[in-house]
Amino acid sequence: LDISWFTDSMREGRPVPVETKHLIQDILPEAPKAAPVNKVSQYACQRRTTIENNNRIFTDAFEVLAENYEFNEIEGRCLAFRRAASVLKSLPWAVRSVGATQDLPCLGEHTKAVMKEILQYGRSFEVEKILSDERCQTLKLFTSVFGVGPKTAEKWYRRGLRSFSDVLAQPDIHLNRMQQSGFLHYGDISRAVSKAEARAVGNIIDEAVHVITPNAILALTGGFRRGKDFGHDVDYVVTTTELGKEENLLISIIESLKKQGLLLFSDYQASTFDLSKLPSHRFEAMDHFAKCFLILRLEGSRVEGGLQRAQGDGRGWRAVRVDLVSPPADRFAFTMLGWTGSRMFERDLRRFARLERRMLLDNHALFDKTKVLFILGCTKIFTHKGSHYTIFTLVLR
Ligand code: DCT
Ligand code: MG
């Protein structure tokens, strides 16, 4: 098929039937010339990313490689593959040749070699090797249990344990409370949570918190706030407009859930937030606000359209993982931004603030290093103009 007449026509703006246009775009070796390849920013927070992923064949492979590096504690390479996946997820077009990626940031030699293999053979041999590796399979299985991290998983693997029944049969392995609940509710909490289930959880928290205070603020965050239809847990920010009253809020909510028989597990972490210790120059994975990691019993009758259930499950309820974080009201905007994710977006937002704006951003505050002042009372921390995002300094107090 000689497609040059059609491609020339498309380039010169002559009319071409839409089916032909799509066919050509499918078989062309390169991405369409109009794709803004040279405009893709190295910062995730400067890239417009929808939840539609046009490059899943590559990003799924990158995630396997990243996780394998994580298991082997090779942080740099793990991050490199997560960065590359984040860039490809932002593209409104599917990559059809390695040549089409030449102007994209964050794609190194190794990433490109994996992409080349996938384009040529439809799969990556390196990824297949990892997926069939016994150690990797076992670590993935063990870390899928709530409360089991890579270190514990490795310890169990080194003891020769390969399955849950191997672990549970060891008389000298003492599971902590979180791990016990993780095994007990494994089937339920490893199944995706739907948006309807997340809203039903929100209604339960909302009812509980409004009995405690009429001034409560409750906001869904995490993946659902980014528009995802499913998640591995439900994340809510909950506080009250009365500054200081948020201190005991989570304790009261947990108490109320327990009384209603809805609490299957709870790990409460009190606030260690100290305004005088800000700004923090060191990167911390977790913020200092009061938070709790819960497993709740969710009745099907509370969920619009019913529960996500395993086949043959006759119960009228399921267990759901829920995270609650409770900042003081004047820290609400920072907390919401920090908990919305994605992980790479958060990481790059902080990097962008530091390197491009000389500011320090975390879940607690935004600090302007040039003017040596805190930007307080923000209603919005960043906004977007056209396709670019800017750290926003709205209201100064
Ligand atoms: N977060 C972060 N850095 C981490 C972990 C989490 O910045 N290392 C933030 C971003 C997302 C938010 O916390 C909630 O975390 P998760 O629930 O793990 O992520 P999610 O995007 O909500 O994913 P899922 O939909 O699977 O729950
Ligand atoms: Mg989540």
Side-chain angles (χ1 to χ4, degrees), residues 43-45 49-53 56 59-60 63 66-67 69-70 73 75 78-79 81-83 85-86 89-90 140 143-151 178 182 185 188-202 205 218-238 267 269 280 282-296 298 308 318-327 331-354 360-366 381-382:
Y43 297 106
C45 58
T49 305
T50 69
I51 41 179
E52 190 184 333
N53 179 358
R56 195 172 295 280
T59 58
D60 282 352
E63 187 43 45
E67 195 177 45
Y69 286 121
E70 197 169 33
E73 295 179 76
E75 279 169 31
C78 170
L79 181 60
F81 276 105
R82 295 230 159 100
R83 279 235 158 89
S86 171
K89 280 180 191 171
S90 77
K140 200 166 167 57
T143 52
S144 72
V145 179
F146 176 52
V148 179
K151 292 227 157 66
M178 198 181 252
H185 302 290
D188 273 354
I189 59 182
S190 54
R191 195 163 52 250
V193 182
S194 71
K195 207 182 279 175
E197 290 170 337
R199 283 202 206 99
V201 167
I205 310 291
L218 180 71
L220 181 62
T221 184
F224 289 111
R225 185 162 184 247
R226 304 199 302 278
K228 280 171 60 174
D229 290 325
F230 293 94
H232 92 281
D233 68 356
V234 183
D235 308 286
Y236 274 98
V237 178
V238 55
D267 176 21
Q269 296 185 358
S280 170
R282 143 177 97 82
F283 175 77
E284 291 167 310
M286 266 292 173
D287 58 55
H288 290 262
F289 302 127
K291 57 179 73 65
C292 57
F293 309 106
L294 311 175
I295 301 177
L296 296 190
L298 181 62
Q308 291 287 112
R318 67 165 287 185
V320 182
R321 271 275 301 112
V322 179
D323 287 348
L324 303 179
V325 58
S326 187
R331 306 283 130 193
F332 179 79
F334 302 106
T335 316
M336 271 308 270
L337 183 61
W339 279 68
T340 299
S342 65
R343 275 196 290 174
M344 198 48 69
F345 183 94
E346 298 298 336
R347 199 182 178 111
D348 279 0
L349 196 56
R350 286 174 205 148
R351 203 161 60 94
F352 179 83
R354 197 175 68 245
L360 291 173
L361 173 71
D362 60 18
N363 290 9
H364 313 105
L366 180 63
I381 300 155
F382 81 112

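Whatever order the structure lists them in is the order used to number ligands and atoms, beginning at 1.
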**Fill in**
By salt bridge (Lys or Arg N to Asp or Glu O under 4.0 Å), Arg351 pairs with (sequence neighbours left out) Asp348

**Asked** At what distance is the nearest protein heavy atom to atom 27 (O) of ligand 1, and which residue and atom is it?
**Response** Asp233 OD1, 2.7 Å

**Prompt:** Short N/O distance, under 3.5 Å, between Ser342 and ligand 1?
**Reply:** no

**Item:** Closest protein heavy atom (residue, atom, distance) for atom 12 (C) of ligand 1
**Value:** Trp339 O, 3.1 Å

**Prompt:** Only one of Gln269, Lys291, Met286 forms a side chain to side chain contact (heavy atoms under 4.5 Å, CB included) with Val325, so which one is it?
**Reply:** Lys291

**Asked** What part of Asp235, side chain, backbone, both or neither, has a heavy atom within less than 4.0 angstrom of ligand 1?
**Response** side chain

**Prompt:** Who's the nearest protein heavy-atom neighbour of atom 24 (P) of ligand 1, and how far?
**Reply:** His232 ND1, 3.4 Å

**atom 10 (C) of ligand 1: nearest protein contact (heavy atom, Å)** = Gly341 CA, 3.4 Å

**Request:** Salt-bridge test for Glu197 and Arg191: reply yes if a basic N is under 4.0 Å from a carboxylate O, no otherwise.
**Result:** no

**Asked** For ligand 1, which atoms have a heavy atom of Gly222 less than 4.0 angstrom away?
**Response** 22 (O)

**Asked** Is the shortest heavy-atom distance from the side chain of Glu73 to the side chain of Lys151 under 4.5 Å?
**Response** yes

**Item:** Atoms of ligand 1 close to Arg226 [distance to a heavy atom under 4.0 angstrom, numbered from 1]
**Value:** 21 (O)

**Message:** Which residue and atom name correspond to the protein heavy atom nearest atom 9 (C) of ligand 1, and how close is it?
**Reply:** Gly338 O, 3.5 Å

**Asked** ligand 1 and Arg350, any nitrogen or oxygen pair closer than 3.5 angstrom?
**Response** no

**Message:** Donor-acceptor pair, distance only, cut-off 3.5 Å: does the side chain of Arg321 make one with the backbone of Leu294?
**Reply:** yes

**Fill in**
Heavy atoms of Ala198 and Val193 approach each other most closely as N-CG1, 4.2 Å

**Item:** Approximate separation, where rounding is to 0.5 Å, of Arg343 CZ and Arg347 CZ
**Value:** 9.5 Å

**Prompt:** Is any protein N, O or S atom closer than 2.8 Å to the Mg ion (ligand 2), and if so, which?
**Reply:** Asp233 OD1, Asp235 OD2

**Message:** Counting C-beta onward and ignoring hydrogens, is there a side-chain heavy-atom pair between Phe289 and His364 closer than 4.5 Å?
**Reply:** yes

**Geometric N/O contact Gly231 with ligand 1, under 3.5 angstrom** = no

**Asked** Is atom 21 (O) of ligand 1 less than 4.0 angstrom from at least one protein heavy atom?
**Response** yes

**Asked** Would you call the rings of Tyr43 and Phe352 parallel, tilted or perpendicular, where under 30° means parallel and over 60° means perpendicular?
**Response** perpendicular

**Request:** Name the closest protein heavy atom to atom 7 (O) of ligand 1, giving the residue it belongs to and the distance to 0.1 Å.
**Result:** Glu346 CG, 3.6 Å

**Results of side-chain contact (heavy atoms from CB on, under 4.5 Å) for Ser144 - residues two or more places apart only** = Phe164, Tyr186

**Fill in**
When every non-hydrogen atom of Trp339 is compared with those of Asp235, the smallest separation belongs to CZ3-OD1, 4.0 Å

**Asked** Hey, looking at atom 2 (C) of ligand 1, which of Lys228, Met286, Arg343 has the closest heavy atom?
**Response** Arg343

Which atom pairs, one a donor and one an acceptor, fall under 3.5 Å between side chains of residues 226-234 and the rest of the protein, sequence neighbours left out?
| residue | atom | partner | partner atom | Å |
| --- | --- | --- | --- | --- |
| Arg226 | NH1 | Thr340 | O | 2.8 |
| Asp229 | OD1 | Lys195 | NZ | 3.2 |

**Message:** Measuring only between side-chain heavy atoms, which start at C-beta, is Asp287 closer than 4.5 Å to Arg331?
**Reply:** no

